[in-house]
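Structure first, then comments.
Sequential numbering from 1 along the given sequence is applied to the chain's residues. Side-chain atoms are counted along with the backbone in the values below, which use heavy atoms only and exclude waters and symmetry mates.
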Amino acid sequence: MSDPRFPVLTQKQINTLKEFGTVITFEQETVLFQVGDSAYDFYVVLDGEIYMKDANDDNHILAIHRINEFTGDSSMLSNRSIPFSAYASKGASVLRIKPDILKEIISKHSGISDVLLSAFLLRQEVMLKELSGGIKVIGSEKSKETYILRDFMDKNHIWHSFLNIDVSIEAKELLVSFNLSYTDLPIIINMSGEIYKNPTIAELARLTGVLMDFEDTIFDVLVVGAGPSGLAASVYAASEGLSVVTIDGNAPGGQAGKSTKIENYLGFPSGISGHDLANRAYFQAQKFGCTISIPHKAEKVEYNGEYFTLCASNEKHIKAKSIIAATGAEYRRLPVDNLEAFEGRGVFYSATGMNASACKNELVGVVGGGNSAGQAALFLADHAAEVHVIIRGNDLGDKMSDYLVQRIYSSPNIMVHKNSNVVQLNGAHHLQYLVLDTDGKTQIIAITNLFNFIGAKPCTEWLHGIVAMDDQGFIHTGADVSEAEMTPCSIFEQRKPQFLEGSIPGFFAVGDVRKGSVKRVASAVGEGSMAISQVHRYLAELKMTVS
């Protein structure tokens, strides 16, 4: 049975590809690209073989591409660095295609696109889940700084391995061999062997190619936020020929990306994790030519009557004729005095596979009564000794889907604490136990990992009141925009704001950040896709206004 990661192209497909590339024959074994390259060519084997080699062991061959097979993975659609090296065998004949040309082929030739993208996704999946290696992260499992780096790499699908300095002999030996100390932690060692002491997220993002450079131009659309609504808007905008750039301050997926298993999303009867759903959408948007750059956090936006200028972190200024605000909402923090001391050291805002290993045979807590909390509780129950679900109300089914409620009550190691609040966190350097108040009675529980999924606070601080919002910070759109709130302009003299349009023409809000939105993935995706038809209308009006 053939391996789906290594499909064989038909002769017709190869003939089509030959129109876009160059045939080369190598007299000697030749390096085609090396680990760490961020701009590298795509190759189809016409004769001979191409070997993919491990960066840490030149004698270790990870894969062999044979006649009519091809190189590449999902990083070819972005600026991410390649984690492997490739060698053409002596006498090999290959078809070489430049990466920019490959992107054009993928957007124009659906048959070839289907084959390439399916293989690219499978290769990434196997690499992340089955292969050890990648960028080395050395630090303590109980360190907040180490957790932040690992969490960013995990959510952005960056291949890495973690060496816990608390228990790993290899980690301690690496410190000695590189003449480093504990004060240098956390440490990143990239696949070329370069060392970065306590790097910032921006440095890590630039090192791995997640943070992208793009031209200084006026885009048709700027999407702020890469959750389900923002990614849906990105896919539809790019697929319909609009020039679009998408930014996010952390990772694709938003709150949905933190869901361990979404089972009520149409088309996925066995469920899909928010992590995987976001990655596929991220990949899909890039397929159509959308530029996605992370981390760029929106800080301020200005409007001059013709276009918007967004000031973002990492000193980026982005101009666009229209903006789609898809920044979503974030979980509220527990009202506990010393909370900050334990964030990343026992208190977390998502439950991923990375967290699961730290929860093995431990007592863990999940605060919140929504679907994300329910999904997290069930996921953690497979790893932890006990899971304590903590809700303020008296009915777990008040905000949680019934199928999750039934599973929670059927799980022998999940306990539900109703009418309860966390009032105290304790521990030396990491959470060791908490104090729970239930109907006025307190109890101490030895919970070492606490996952917080309470409330929803809209992420609209970056707007500084430039558009109309309610008193909680959710953006007014459509009929919620009053006459007094509308920006005086010729467009609003002719019509009212569209359903997803805010108080400034050309400014749209979708998903959880919008007042009146339904807090579900499906509705967020629907709003993101719907917004593009409204953007088209606005851009046509703008063209008539300025011409």
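- The NZ atom of Lys136 lies 10.0 Å from the CE atom of Met191; values are rounded to the nearest 0.5 Å.
- The number of heavy atoms from other shown groups lying within 6.0 Å of OH (Tyr236) does not exceed 12.
- Listed here is the closest heavy atom pair of Gly328 and Asp512: CA-CB, 4.0 Å.
- To the nearest 0.5 Å, the span separating CG on Asn355 from CZ on Phe451 amounts to 4.5 Å.
- With hydrogens and angles left out, the side-chain atoms of Ser372 and Tyr331 include a donor and acceptor closer than 3.5 Å.
- Aromatic pair Phe348/Tyr147: ring centres closer than 6.0 Å.
- Between the side chain of Ser243 and the backbone N or O of Asp220 there is at least one donor-acceptor pair closer than 3.5 Å.
- In this structure the side chain of Ser293 never reaches within 4.5 angstrom of the side chain of Val245, judged on heavy atoms.
- Put simply, the side chain of Thr16 does not reach to within 4.5 Å of the side chain of Gln13, judged on heavy atoms.
- Judged by distance alone, the side chain of Glu527 and the main-chain N or O of Gly511 form a donor-acceptor pair under 3.5 Å.
- For the 3.5 Å distance criterion, the side chains of Ser350 and Lys155 qualify, holding a donor opposite an acceptor.
- Between the side chains of Gln406 and Asp402, at least one donor N or O lies within less than 3.5 Å of an accepting N or O.
- For Arg123 (side chain) and Gly72 (main-chain N/O), a donor-acceptor pair under 3.5 Å exists by modelled atom type.
- Side-chain N or O atoms of Asn279 include none that pairs as donor or acceptor with a backbone N or O of Gly253 at under 3.5 Å.
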Exercise for the section: Check step by step if side chain to side chain contact (heavy atoms under 4.5 Å, CB included) holds for Glu330 and Tyr349. Expected result: CA-CA 9 Å; Glu330 61 185 3; Tyr349 297 89; over 6 Å; no
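- Of the inter-residue distances, the one linking Met400 atom CE with Ile391 atom CD1 reads 7.5 Å to the nearest 0.5 angstrom.
- Shortest non-hydrogen contact noted between Phe214 and Thr291 is CD2-CG2, 3.9 Å.
- Nearest heavy atoms, Ala256 versus Val521: CB-CG2, 3.7 Å.
- Lys103 NZ: more than 12 foreign heavy atoms inside a 6.0 Å radius.
- Counted within 6.0 Å of NZ on Lys399, heavy atoms from surrounding residues, nucleotides or ligands total 12 or fewer; the atom is thus considered open.
- Annotation for Met52 and Ala86: closest pair SD-CB, 3.7 Å, computed over non-hydrogen atoms.
- Atoms CD1 and CE, from Ile294 and Met212 in turn, are 10.5 Å apart once rounded to the nearest 0.5 Å.
- The pair Arg206-Asp213 counts as a salt bridge, with a side-chain nitrogen and a carboxylate oxygen less than 4.0 angstrom apart.
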Handout entry: side chain to side chain contact (heavy atoms under 4.5 Å, CB included) evaluation trace for Leu310 with Trp462
Key = CA-CA 9 Å; Leu310 183 118; Trp462 58 285; 3.6 Å; yes
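- With contacts defined as side-chain heavy-atom distances shorter than 4.5 Å, the pair Leu542/Tyr307 does not qualify.
- Using a 3.5 Å distance cut-off with no hydrogens or angles, the side chains of Tyr40 and Ser75 do pair a donor with an acceptor.
- A 4.5 Å side-chain heavy-atom check between Leu378 and Ile414 finds at least one atom pair inside the cut-off.
- With sequence neighbours excluded, the residues that form a ring pair (Phe, Tyr, Trp, His ring centres under 6.0 Å) with His383 are Phe379.
- Judged by distance alone, the side chain of Ser85 and the main-chain N or O of Val35 form a donor-acceptor pair under 3.5 Å.
- Residues Cys311 and His317 have side chains in contact (heavy-atom distance under 4.5 Å, counting atoms from C-beta outward).
- Ser529 contributes a side-chain N or O that, together with a main-chain N or O of Gly526, makes up a donor-acceptor pair within less than 3.5 Å.
- Interatomic distance, Cys459 SG to Phe474 CZ, rounded to the nearest 0.5 Å: 9.5 Å.
- Listed for the Glu145 side chain is no donor-acceptor partner under 3.5 Å among the backbone atoms of Pro186.
- Ser517 pairs in a side chain to side chain donor-acceptor pair (under 3.5 Å) with only one of the listed residues (Arg520, Lys515, Lys519, Arg514), which is Lys519.
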Exercise for the section: Give the C-alpha distance, both sets of side-chain angles, the deciding distance and a yes or no for salt bridge (Lys or Arg N to Asp or Glu O under 4.0 Å) between Asp3 and Arg5. Expected result: CA-CA 5 Å; Asp3 189 330; Arg5 292 175 299 160; 2.7 Å; yes
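- Between the side chain of Gln124 and the backbone N or O of Ser74, no donor-acceptor pair lies under 3.5 Å.
- Using a 4.5 Å heavy-atom threshold, the side chains of Tyr303 and Pro505 count as touching.
- The two atoms that bring Tyr282 and Pro252 nearest to each other are CD1-CG, 3.7 Å, heavy atoms only.
- Residues Glu240 and His536 have side chains that bring a donor and an acceptor to within less than 3.5 angstrom of each other.
- The shortest side-chain heavy-atom distance between Val224 and Val301 does not fall under the 4.5 Å cut-off.
- Side-chain atoms of Ile324 and Ile532, non-hydrogen and from C-beta on, do get closer than 4.5 Å to each other.
- Residues Pro458 and Val513 come closest through the heavy atom pair CB-CG2, 4.5 Å.
- If you take OG on Ser234 and CD1 on Ile247, they are separated by 10.5 Å, rounding to the nearest 0.5 Å.
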Handout entry: Criterion salt bridge (Lys or Arg N to Asp or Glu O under 4.0 Å) on Glu501 and Arg537, from CA distance to verdict
Key = CA-CA 11 Å; Glu501 194 171 24; Arg537 178 182 177 183; over 6 Å; no
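- For Phe20 and His109, the ring centers are positioned less than 6.0 Å apart.
- Side-chain contact, Ser259 with Gln375: a donor N or O sits under 3.5 Å from an acceptor N or O.
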Exercise for the section: Could you give me the CA-CA distance, side-chain angles and deciding distance for Asp248 and His296, then say whether side chain to side chain contact (heavy atoms under 4.5 Å, CB included) is met? Expected result: CA-CA 5 Å; Asp248 194 279; His296 280 305; over 6 Å; no
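- Judged purely by atom type and a 3.5 angstrom limit, Asp37 uses its side chain to pair as donor or acceptor with the backbone of Gln34.
- When each of Phe84, Phe70, Tyr43, Phe6 is tested with His65 by the rule ring pair (Phe, Tyr, Trp, His ring centres under 6.0 Å), just one qualifies, namely Phe6.
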Problem - Arg80/Thr208 under side chain to side chain contact (heavy atoms under 4.5 Å, CB included): CA gap, chis, key distance, verdict - result: CA-CA 6 Å; Arg80 296 194 181 202; Thr208 54; over 6 Å; no
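- Using modelled atom types, no side-chain atom of Ser322 and backbone atom of Val535 make a donor-acceptor pair closer than 3.5 Å.
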